[in-house]
Amino acid sequence: MESNYRIAYDKALEELRAVEPLTAAHNAEATFDPVSGCFTVPFFGRQHRVDLKSGEIVDLVRNRPCSVGAGIMIFNYLSWAKDIQPTGKWITLKEVPDGGSVFFPAFYKEVNLALAKTFSGDLELFERCGQWLGGTNLSMGHKAARFQALPKVPLAVMLWAGDEEVTGAANFLFDSTIEHFSPVETIIGFGYFLAHKLIRCAGHEQKKSHKEKDPFWDVLDD
């Protein structure tokens, strides 16, 4: 599995190298230094340096390379970003063109149901974990938070509380412009990435891990 991630990482890097960098930086609301050949872009609130020559992405806050999964998302965002702004209208993965509905059943099981299982019985835990990841409250469902993955990629998680009679639920939302900032495979990745981080945060609070370590995501988990 890790080798497949690396193939995707290398492919995304080559696609970024084929894009005019100053245009990419403008469209993505990032910066590009022609002297060093590096982009700088915030990813979940932390500045990352993207070196086009070496292909390395460094989290400048932690001073270490980012995970392969984060790298794929950053590369694709920089190469795909269009000169438009998010609308503020939320949609589900089912509504994302060019494949969102095809991938939704697996996404629902691995992301929505996992988030509901972890947080629908403890909305305050979700709020604490969301704040740790830079989330801000939204007035949707019983509890919701907005997360800024990249400058033009807002994400949202909405929860409904469960009890003995009613099953809790969760929904993962994207801005309606998301198709203009990443391919569908990477759009899905945003969901898996954020859900993994939130659930890992809950696991740390509860002194247990929800799953074995995954090298695709782990580097940014503290």
Side-chain angles (χ1 to χ4, degrees), residues 42-46 59 61-62 66-67 69-70 73 86-96 100-101 103-178 181-182 186-214 216-222:
F43 180 66
F44 282 97
R46 302 210 294 256
D59 178 339
V61 175
R62 298 291 190 266
C66 74
S67 66
M73 288 185 281
T87 63
K89 176 186 176 183
W90 297 110
I91 62 173
T92 67
L93 181 63
K94 287 191 294 186
E95 300 169 270
V96 174
S101 61
F103 292 104
F104 181 75
F107 185 88
Y108 177 82
K109 178 180 178 181
E110 296 294 329
V111 174
N112 293 23
L113 290 184
L115 287 167
K117 181 179 179 180
T118 302
F119 295 112
S120 64
D122 192 343
L123 298 183
E124 285 68 32
L125 174 62
F126 170 74
E127 185 170 9
R128 292 195 300 273
C129 290
Q131 290 174 348
W132 179 74
L133 293 169
T136 55
N137 290 337
L138 286 174
S139 297
M140 298 191 300
H142 290 153
K143 185 74 70 174
R146 180 187 188 277
F147 302 86
Q148 196 70 40
L150 288 153
K152 292 185 177 181
V153 180
L155 307 170
V157 175
M158 179 167 49
L159 289 163
W160 291 268
D163 55 32
E164 294 180 356
E165 297 181 355
V166 179
T167 302
N171 210 352
F172 197 99
L173 303 170
F174 305 88
D175 189 85
S176 63
T177 59
I178 187 65
F181 298 103
S182 286
T186 303
I187 292 170
I188 294 165
F190 286 121
Y192 281 94
F193 184 86
L194 179 55
H196 177 87
K197 288 168 71 67
L198 286 167
I199 295 169
R200 281 289 294 270
C201 175
H204 289 318
E205 281 212 6
Q206 298 163 351
K207 304 303 180 184
K208 62 182 180 180
S209 176
H210 81 290
K211 62 184 290 187
E212 294 181 359
K213 289 186 177 181
D214 182 342
F216 187 56
W217 309 124
D218 264 353
V219 176
L220 291 184
D221 286 316
D222 295 317

Completion exercise
Nearest heavy-atom approach of Gln148 to Leu150 is NE2-O, 2.7 Å

Fill in the blank from the handout: Correct closest heavy-atom pair for Leu155 and Phe44 would be CD1-CZ, 4.1 Å

Exercise for the section: Check side-chain hydrogen bond (donor to acceptor under 3.5 Å, both in side chains) between Thr136 and all other residues, then give those that pass, not counting sequence neighbours. Expected result: none

Practice task
Only counting residues at least two apart or in another chain, list the ones meeting side-chain contact (heavy atoms from CB on, under 4.5 Å) with Ala161.
Solution key: Leu123, His142

Handout entry: Flag side-chain contact, heavy atom, 4.5 Å: Leu115 against Val157
Key = yes

Exercise for the section: Side-chain contact test, heavy atoms from C-beta onward, threshold under 4.5 Å: evaluate it for Trp90 versus Leu138 and give yes or no. Expected result: yes

Exercise for the section: Name all pairs fulfilling the salt bridge (Lys or Arg N to Asp or Glu O under 4.0 Å) condition that reach into residues 130-143, sequence neighbours left out, sorted by first residue then second. Expected result: Glu127-Lys143

Fill in the blank from the handout: Pro86 and Pro154 have their tightest heavy-atom pair at CG-CD, 4.2 Å

Problem - Those residues that, when tested against Phe104, pass ring pair (Phe, Tyr, Trp, His ring centres under 6.0 Å) (two or more places apart) - result: Tyr108

Problem - Ile178 side, atom CD1; Thr186 side, atom OG1 - distance, nearest 0.5 Å - result: 9.5 Å

Practice task
Hey, could you give me the NZ/OG1 distance between Lys89 and Thr177, rounded to the nearest 0.5 Å?
Solution key: 11.0 Å

Exercise for the section: I would like to know whether Phe181 and Ile187 meet side-chain contact (heavy atoms from CB on, under 4.5 Å); could you show each step before the answer? Expected result: CA-CA 9 Å; Phe181 298 103; Ile187 292 170; over 6 Å; no

Practice task
Could you pull out all residues at least two apart from Ala145 that satisfy side-chain contact (heavy atoms from CB on, under 4.5 Å)?
Solution key: Phe126, Phe147

Handout entry: With sequence neighbours excluded, residues passing side-chain contact (heavy atoms from CB on, under 4.5 Å) with Ser120
Key = none

Problem - Residues in side-chain contact (heavy atoms from CB on, under 4.5 Å) contact with Glu95, at least two apart in sequence or another chain - result: Ile91, Thr92

Practice task
Specify the closest pair of heavy atoms between Ala170 and Leu159, including all atoms of both residues, with the distance to one decimal.
Solution key: CB-CD2, 3.4 Å

Handout entry: Within the 6.0 Å centroid threshold, strictly below: Phe43 and Phe193
Key = yes

Handout entry: Sequence neighbours excluded - salt bridge (Lys or Arg N to Asp or Glu O under 4.0 Å) pairs with any residue from residues 146-155
Key = none

Fill in the blank from the handout: Value for OG (Ser182) from CZ (Phe174), rounded to nearest 0.5 Å, stands at 10.0 Å

Exercise for the section: Would you check if Asp175 and Val153 make a side-chain contact, meaning some heavy-atom pair closer than 4.5 Å? Expected result: no

Practice task
Look up atom CD1 in Ile188 and atom CZ in Phe172, then write down how far apart they are to the nearest 0.5 Å.
Solution key: 11.5 Å

Handout entry: Derivation of the side-chain contact (heavy atoms from CB on, under 4.5 Å) call for Asn171 and Met140
Key = CA-CA 10 Å; Asn171 210 352; Met140 298 191 300; over 6 Å; no

Exercise for the section: Nearest 0.5 Å please: distance from the OG1 atom of Thr118 over to the CD1 atom of Ile199. Expected result: 4.0 Å

